[in-house]
Amino acid sequence: MNPADAGPETRANVLTVTDLQTAFPTRRGTVRAVDGVSFDVREGETLGLVGESGSGKSVTAMSILRLVAAPGRIESGRIELAGQDVLALEGEELRRVRGSIAGMVFQNPMTALNPSFTVGWQLMEALRAHGVRDPEELQRRVEQALAAVGMPDPARQLDTYPHQMSGGMRQRVVIAMGMINEPRLLIADEPTTALDVTIQAQVLNLMKRLTREHGTALLLITHNMGVIARMCDRVAVMYAGEIVEEALVRTLFSAPKHPYTSGLLRSIPRADHGRGKVPTMTGFPPDMAAPPSGCRFADRCPYVVDACLSDRPALVEVESAHKTRCLRVQELGGSVADLTVRGVA
Amino acid sequence: MTPDRGATPTPLLQVNDLVKHFPVRGRGPAQMLRAVDGVSFTVNAGETVGVVGESGCGKSTVARLVVGLTKPTSGSVLVEGGDIWARGKEGAERRRRMQMVFQNPTGSMNPRRTVGDAVAEPLQVLRAPGIRAKVEETLSLVGLKPEMADRMPHEMSGGQQQRAAIARAMISNPALVVHDESVASLDISLQAQILNLLVDLQDRLGTAYLFISHDLAAVQAISHRVVVMYLGEVVESATAVEFAARPLHPYSVALRRAALLPDPEIEQSRVEVGLTGDVPSPLNPPSGCRFRTRCPYAEQKCADEKPALRPAQDGHYVACHFAGIATATTALEGAS
Amino acid sequence: MIRPALTRLASLFGVLLVVSMLVFFLGSLIPGDLASVIVGHEGATPEQFERVRRELGLDQPLIVQYLNWLGNAVTGDFGTSPITAREVSADIAQQFPVSLELALLCLVTSTVIGVPVGIKAAVSNKGWVDAAMRASLLVMFSVPVFVVGILLLLFASAFAPDLFNVTYVPWQQDLVGNLRSMALPVATITLPFAAMTMQMTRSATLEVLSDPYITTARAVGVKRRRVHYVHALRNALPPVVTFLGFQFGVMMGGLLVVEQIFSLPGLGRGMLDAINNRDYPSVTAITMVFAAVFVVVNAAIDLLYPVLDPRQRSR
Amino acid sequence: STPGSTGGAADKTLTIAETNPPQTFDPIQSSQIATMYAWQHLYNGLARVDAQGELQPDLATEWKASDDGLTYDFTLRDGVTFSDGSPLTADDVVFSFERLLTKGLPYSQSRFADLESVKAVDATHVQFKLKKPNAGFLLNVGSPFFIGSAILSKKFASSNDPKTTVLGTGPFKVQSYTPNQELVLVRNDKHWNKDALPDYGTLRIKYMPDQSAQVAALSSGQVDLIFPSAENAVQLEKNAKIKVESVKGTNTMRLNINSGRKPFDNPDVRRAISLSLDRDEIVQGAFLGKAEPSAQIPPSLPGALPLSELPHQTRDVAKAKELLAKAGYANGLKITLDHLAGYATYLDRFAQLVKSQLAEAGIEVVIEANQNSVWLDHQNNAKYDIMDNVYSFNGDPMTLLSPRPGRQGPTPAEVTAAMAKATAGSPEDYRSNLQALMKLENDLVFPDIAVAAPMSMIAFGERVSGAEPDPTLARQFLADVTVK
Amino acid sequence: MNETPATVAAPASQTSRRPKLASRLLRHKSGAASLAVILIFGVVAALGSLIQPFDPIAGNVVASFSPPSAEHWLGTDDLGRDVLSRVMDGAKIALIVATVSVGVAAIIGLIIGVIAGYAGGFLDLLITRAQDVLFAFPTLLLAVIVSAVLGPGLINASLAIALVYIPRFGRIARSATLQVKHSEFLDAARLAGVPVVRMLLRHVVPNVMPSVLVLAALSVSTAQLAYASLAFLGLGVSPPQADWGSMLSEGRNFVTVAPWMVIAPAAALVLLMVAFNVVGDAVRDVMDPRGEHSKGAPIAA
Ligand SMILES: Nc1ncnc2c1ncn2[C@@H]1O[C@H](COP(=O)(O)OP(=O)(O)OP(=O)(O)O)[C@@H](O)[C@H]1O
Ligand SMILES: Nc1ncnc2c1ncn2[C@@H]1O[C@H](COP(=O)(O)OP(=O)(O)OP(=O)(O)O)[C@@H](O)[C@H]1O
Ligand SMILES: [Mg+2]
Ligand SMILES: [Mg+2]
């Protein structure tokens with residue numbers, strides 16, 4: 001039976017992240033880029049991760065495969081990937097997890113590929129890392145993977161170097177590399193940013209097929225709300241190193257409970273906005289080296305009260321499958337979506 | 001072609017039949033990669049022209065040609081009627097009036113110099129006074145804290161780098177800024193902020209933009225006119241309003257159709273649409289209409305005869321033998 | 001395709017030609033006189049001097065001497081040494097293989113040691129083993145070769161007299177004997193050269209290690225070693241290879257001290273003798289050999305560049 | 001040595017190390033002593049001067065000078081053959097000397113400057129004619145280094161280049177030569193004197209430019225015998241397995257003075273320099289004690305005079321200062337020492353000692369270290385103040401006393417006269433005439449200041465016995481060495 | 001409803017400007033320590049005879065080869081001179097050789113290498129070939145010729161070494177330049193209208209410096225040895241003043257009799273050379289944009 005057919009509740013968790021903290025020591029002090037993040041992704045499910053630029057989405061993604069570069073460190077928390085405690089894995093065990101249990105697609109296709117090797121070699125390398133040796137099989141699977149991401153003339157591309165490709169083509173190669181070992185979890189960090197919409201559609205379809213047919217779990221990081229809308233089952237919203245809201249995708253779009261989420265959704269450009277008239281939030285996220293002690297969104301929040309400045313809200317489940325991190329969530333009622341936001345007429 | 005010639009006698013930027021071929025050496029004999037193959041358009045002062053198109057269709061190459069980072073194989077780029085490759089000071093002066101925000105923010109910052117230095121660079125060259133203050137002001141404009149000036153590029157997230165790059169391009173009040181996917185890596189709230197900012201600056205300073213993006217929504221949120229490219233050629237050119245209402249080229253329609261809406265209700269029930277077929281290689285583009293290999297409406301004529309870019313309506317140009325055969329409405333019907 | 005190769009070839013010969021002119025005209029600036037060397041350190045009348053100079057052709061204008069030399073050189077005739085009366089080319093034919101073998105062996109051993117240690121030093125920010133390895137290589141590097149060489153000789157003669165051979169044995173004659181005669185010289189210079197290679201590799205590797213594609217490789221589960229030795233090294237190679245190339249050049253020309261200490265009849269010693277005796281035909285010819293080696297190695301590196309860095313291929 | 005009639009076992013090899021390889025095998029084409037070491041194994045002369053300065057028969061069994069001292073008749077030894085078996089004839093001798101007179105280097109020719117002609121009287125008799133009498137003529141014929149006096153085969157040398165190929169009458173013949181590397185000699189079993197043949201079959205000479213490497217080679221047993229420097233001798237003396245033998249040597253270390261330059265044209269300045277030198281300290285410092293103070297004719301040679309009898313050979317700084325003041329240099333003097341760099345470590349130390357010793361007399365010395373070719377150039381063109389130099393003994397002691405015209409100032413008339421007297425005088429008076437010349441030169445401090453005579457040393461391992469170094473540093477003794 | 005962020009007030013600044021290279025270097029532990037070592041040698045060289053216990057060139061042959069003692073801390077040499085004083089005296093030569101030869105070569109090499117790499121075309125060809133000629137010349141011969149032309153002496157010998165070393169720096173600088181030549185940040189600077197000279201100084205040179213620095217640090221050592229061999233040929237300082245290389249080549253003849261004659265100068269040489277190399281590495285590290293924690297892999301933004 002196809003795992004995707006099972007109800008969401010009965011599906012097993014592929015990834016469980018509990019209270020993850022990742023920090024970077026810097027001259028200015030320790031930057032807690034990820035500060036107590038918990039979420040899970042189930043088989044065949046797509047979890048979207050959205051949020052402010054710099055809110056820690058990429059670092060979260062990197063932490064899952066323990067790819068955070070020194071001096072960055074995972075300070076605490078627990079990452080369980082297909083039943084394995086990732087933070088307890090050592091050397092070879094960890095390596096085997098990478099790519100085969102969880103694949104990764106990086107944000108920046110221009111630099112994510114090695115300029116000295118052909119695309120074909122690099123894709124084969126990903127297979128070789130997990131024991132595929134037969135040259136014919138390598139060739140076949142790489143061509144398959146490239147074809148799957150809509151690469152024109154896959155056989156020819158094998159001998160192409162990354163610099164000879166356009167950004168979109170490179171991005172597809174990167175995606176192919178993340179998926180080539182048929183991982184149970186695919187972490188995609190803005191996989192379609194460099195693609196035009198027609199290719200984006202192909203890539204998204206491909207990923208969707210993966211989750212449906214192979215039960216691959218997908219952690220999708222993107223800024224594109226359209227992509228979220230199309231792809232995700234659930235969405236987690238990050239702000240300043242924390243998850244501030246987590247809900248089923250429809251709920252999130254129709255009834256966001258956190259003021260940040262609501263502000264974010266309203267910033268989506270729409271035809272009726274007119275040139276240069278997109279509503280936006282004021283202000284900027286806090287300095288992560290010295291985050292405020294209270295709610296981190298407090299200084300930008302239209303609903304801020306004194307308590308917000310001193311008490312740090314917890315992520316609470318306000319409705320079934322809907323968590324939010326706001327002190328005033330009960331008080332503000334069901335949704336903040338229609339409320340007037342400070343500064344926006 | 002110069003759609004707006006009547007409005008302004010000399011447009012700010014005039015691109016005439018621009019061609020850029022790259023020789024590529026692979027196995028076998030050397031081949032020519034036709035990255036840009038006869039592109040013409042104009043940008044008026046204070047105007048935003050959006051460029052959309054397939055990835056790899058030559059948008060970035062056009063951008064580099066426009067700002068004078070790459071020399072064209074043939075064709076010309078004129079600023080206020082003067083060639084940017086004119087000899088001596090003249091050409092240099094013309095090139096200086098244009099700035100660019102690169103597609104890849106990480107690569108466009110010197111890893112060994114602070115962000116502030118990078119942003120200040122265009123001013124330092126002009127030896128303008130009060131550079132530091134201006135840098136901090138510009139950084140705040142794009143939503144970066146002034147202290148960020150002292151950071152190294154690698155200490156910032158992709159979005160932060162992108163904003164710094166925008167600040168650098170804007171700081172010397174250029175006449176034209178080419179944005180190559182300049183908001184792609186920003187979250188939407190920032191994107192909106194930046195887009196608003198760009199419009200605001202344009203209103204105040206009269207800066208013109210060549211805005212390259214995959215994001216149709218963003219393009220429409222900022223552009224006056226839109227140019228659609230496919231495989232090194234312009235296939236459609238229209239005002240933004242017109243383009244939003246009635247894209248005429250089948251490829252433009254496909255683009256519109258593939259654009260995702262921020263609405264799970266619609267999107268999750270959307271049948272899988274999008275173009276089929278492979279993107280042809282610019283090394284060996286198809287005969288006739290280059291889009292025909294993926295066009296659902298292609299006929300024999302499309303293979304035999306190359307459609308010229310011709311006016312369909314006032315200010316709306318399209319290169320298709322059967323312009324208007326596909327419409328956005330049919331596309332949307334298909335989507336729902 | 002053919003044109004660049006031809007211009008390349010032409011410029012190589014250009015370099016050789018300029019070198020030959022320089023050595024001829026600058027060489028004459030060195031104080032000291034071949035005639036004096038031949039005459040020796042006891043009385044000679046001016047007439048006798050003149051005779052010697054005339055016999056050597058030293059009385060002709062330099063330009064004539066040069067053109068004569070050039071005319072002969074293009075036919076492969078580099079003349080005979082006025083000191084030994086031996087054919088210069090025969091001497092070089094004897095010396096060249098010695099220097100070449102020494103340089104090749106050293107290049108191989110120092111690379112085999114230097115590159116891995118350099119990578120190791122670049123990838124691990126802790127670990128006293130690496131620190132100790134680096135430190136000891138640096139220390140070895142700073143002790144002059146003639147001290148290390150002599151200490152090795154003394155130790156070997158006291159404790160392992162069978163492990164080395166004090167005189168050179170050509171490998172065609174006796175491979176084992178040859179290796180025994182090369183063991184100590186190679187050991188002496190391997191470490192200092194390895195130290196240089198290590199430093200260059202470390203620096204080049206550090207430059208690429210922070211590139212995102214390294215993360216990509218790790219993310220798909222490529223083994224750590226393979227990431228370092230294949231993915232990173234490959235990108236760090238261009239500067240390292242350039243460096244090794246000129247290292248090789250330096251070795252061909254600069255192993256004089258080692259050749260002296262270990263009595264290896266190589267080019268370095270030939271050059272020293274030739275300079276000391278103002279044996280101009282030999283000086284010129286050996287210089288041309290160095291220059292040719294250099295030029296060839298250089299061309300090889302240039303050809304290697306596009307192989308190493310695909311980005312340099314299509315431009 | 002006790003070789004049988006056919007010599008000892010032919011399969012035995014003696015391996016020695018030399019520092020410098022020979023430049024050429026042609027015995028009239030080099031002035032380099034290291035080159036002559038190679039000749040010594042391969043050639044013979046008509047006669048040979050022994051360690052006592054006495055002339056001994058070699059290829060000639062007897063000789064006779066005419067009364068006017070202008071004609072010398074030599075009788076060749078019977079049964080002498082070259083190493084290829086061809087017999088030695090008077091023609092070969094004539095050929096050899098005529099070749100010297102036409103093709104020899106000035107260095108070799110000048111030894112026979114007075115030789116007018118050579119002719120073969122018959123197959124075994126040769127007659128030399130001189131332009132004027134020369135009491136040193138026979139001694140030059142007997143040069144142990146064969147400077148111009150080696151006998152070549154006419155037939156061979158006319159059709160081969162003796163610079164690179166050899167045919168001689170010596171105890172060895174060349175088997176192979178690899179330049180800069182190794183000279184392999186084998187016993188010449190056709191040699192006329194079986195007693196002079198070694199008891200081993202092969203002599204392998206390795207050219208090892210580094211002295212320390214020679215020590216290592218010797219201690220590891222890869223080389224049987226070396227000629228150690230003083231510092232190596234000091235080190236090797238501590239090694240129980242190595243024997244170091246030394247004898248007083250005939251080489252002399254000197255300072256040449258360019259009397260053609262001011263202020264060295266003034267004998268008082270020259271005297272002051274000589275008086276400032278502390279020869280004992282130099283022996284200790286430069287030679288680590290392995291030398292002795294010496295005048296031009298070293299104490300090891302007959303005819304040497306005790307230094308106490310010679311003027312200006314004993315240090316007297318006060319007197320030196322006085323002489324300087326007299327010459328007008330009361331406030332001191334600054335001179336340059338043209339130092340021959342890279343020749344020997346003792347010479348390097350010597351230069352530094354000269355500097356510090358002269359400083360005490362108020363003479364500031366700047367050491368200019370020069371390579372051989374530059375140093376020679378300065379010397380040949382008299383472009384120096386003072387220079388260090390080493391002289392070797394070549395049979396005729398006159399060479400140790402001769403001024404070198406063109407390389408220094410004019411020769412004082414009294415010196416010229418004393419030289420003429422010695423040359424023209426009878427061979428019997430030669431020695432005492434030379435002594436007078438030496439006294440005169442020491443008084444004038446001209447043409448040079450002799451300082452010390454280093455010892456001749458050898459060091460050998462356990463395989464070697466019966467090795468005794470030659471005072472002249474000649475290598476012929478190697479044929480007498482026994483190898484285990 | 002138009003709300004641009006133009007009015008954001010800057011929050012109180014809590015970061016100073018990026019600290020200068022020097023101060024970052026001083027915070028680099030091993031870098032600072034090595035800098036101190038070099039400094040000490042510098043002081044010893046500068047004070048010269050003021051702090052040398054004995055006259056480095058005058059000795060007493062009677063007292064030769066005395067082992068280290070309370071009087072002669074590092075013993076005496078073959079001519080009875082105080083080894084410690086001689087080692088101290090040699091520091092000056094070592095430092096001059098290091099700074100003059102490597103300094104001149106690195107600066108000239110950097111300049112011509114960067115120009116060649118950046119300019120490309122004919123200029124590149126010309127510079128590269130000229131360097132090739134220099135490079136193709138045997139080191140020894142070149143140095144001998146230069147010293148012969150300039151005359152012997154410390155500075156001239158150092159300049160001769162500098163000439164020999166120029167091409168290596170030139171090559172390294174050129175190849176590093178080629179690597180950054182096509183980067184987008186140069187494009188960005190070009191767009192900003194940065195004049196060529198400034199572009200080279202601000203953008204290219206800083207990215208070329210790391211390799212040049214490492215090579216420079218290494219060359220400091222080889223320059224010492226090169227100088228020793230020139231000194232051996234009589235082209236260096238006039239004896240009996242001695243550089244460490246010459247002391248070593250003298251001392252090695254006595255290594256079994258008076259090992260201190262080798263150990264003392266060797267230790268000084270090693271100490272100084274290692275210090276130079278560690279400082280070179282440290283400068284490289286602190287110049288690394290990835291900051292103090294330079295080593296290791298990337299951050300993905
Ligand atoms: N090596 C580092 N040193 C210091 N700070 C770092 C480092 N890496 C990341 N950070 C900080 O951590 C925070 C999170 O960065 P991250 O890359 O995860 O953001 P993001 O959510 O992916 O943003 P974007 O959408 O722009 O990609 C940022 O504030 C960034 O400045
Ligand atoms: N320097 C170059 N050498 C060879 N080919 C090149 C070069 N630069 C670009 N190309 C090729 O030219 C074509 C157009 O590239 P360009 O980067 O302009 O595309 P793009 O429209 O910007 O794509 P994307 O949206 O993916 O960034 C591509 O096929 C690309 O591979
Ligand atoms: Mg990110
Ligand atoms: Mg692009």
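Letters go in sequence order (proteins before strands), and every chain restarts at 1. The model shown is predicted, which means the values in this text are computed figures rather than measured ones.
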Checklist entry - Checking heavy atoms, do the side chain of C/Gln94, its backbone, both or neither come under 4.5 Å from chain D? => result side chain
Item to check | Contact leader toward chain D among C/Asn165, C/Leu154, C/Asn277, where contacts are heavy-atom pairs under 4.5 Å | outcome: C/Asn165
Item to check | Under 4.5 Å from any heavy atom of chain C - which part of D/Lys383 | outcome: neither
Item to check | Side chain / backbone / both / neither for D/Ser212 at chain C, heavy atoms under 4.5 Å | outcome: both
Next on the checklist: Do D/Asn389 and D/Leu340 have side chains that approach each other closer than 4.5 Å (heavy atoms only, starting at C-beta)?
Outcome noted: no
Item to check | Short N-O contact, D/Asp114 and D/Lys131, less than 4.0 angstrom | outcome: no
Checklist entry - Is the closest basic N to carboxylate O distance between C/Asp273 and C/Arg278 below 4.0 Å? => result no
Next on the checklist: With a 4.5 angstrom heavy-atom cut-off, is it the side chain or the backbone of C/Asp91 that approaches chain D, or both, or neither?
Outcome noted: side chain
Next on the checklist: Within the 4.5 Å heavy-atom criterion, are C/Met251 and C/Ser110 side-chain neighbours or not?
Outcome noted: yes
Item to check | C/Ile275 versus chain D, the contacting section by heavy-atom distance below 4.5 Å | outcome: both
Next on the checklist: Between D/Arg254 and D/Asp388, does any side-chain N to carboxylate O distance fall below 4.0 Å?
Outcome noted: no
Next on the checklist: Can a side-chain donor-acceptor contact be found between C/Asn178 and C/Glu101 if the only test is distance below 3.5 angstrom?
Outcome noted: yes
Checklist entry - Between C/Gly270, C/Ala90, C/Pro265, C/Ser81, which residue shows the highest count of heavy-atom pairs closer than 4.5 Å to chain D? => result C/Pro265
Checklist outcome for this item: Whatever's closer than 4.5 Å to a heavy atom in chain C on D/Gln214 counts as neither
Checklist entry - Taking D/Ala216, D/Ala17, D/Pro209, D/Pro21 one by one, which has the highest count of heavy-atom pairs under 4.5 Å against chain C? => result D/Pro209
Item to check | Donor + acceptor pair across side chains of D/Asp348, D/His339 (<3.5 Å) | outcome: yes
Checklist outcome for this item: Ranking C/Phe146, C/Phe164, C/Phe155, C/Phe262 by heavy-atom pairs under 4.5 Å to chain D gives rank one to C/Phe164
Checklist outcome for this item: Test side chain to side chain donor-acceptor pair (under 3.5 Å), reference D/His378, set D/Asp338, D/Asn258, D/Thr336, output is D/Asp338
Checklist entry - With only heavy atoms counted, which part of C/Ile150 is less than 4.5 Å from chain D, the side chain, the backbone, both or neither? => result side chain
Checklist entry - At a heavy-atom separation under 4.5 Å, does D/Gln23 approach chain C through its side chain, its backbone, both, or neither? => result both
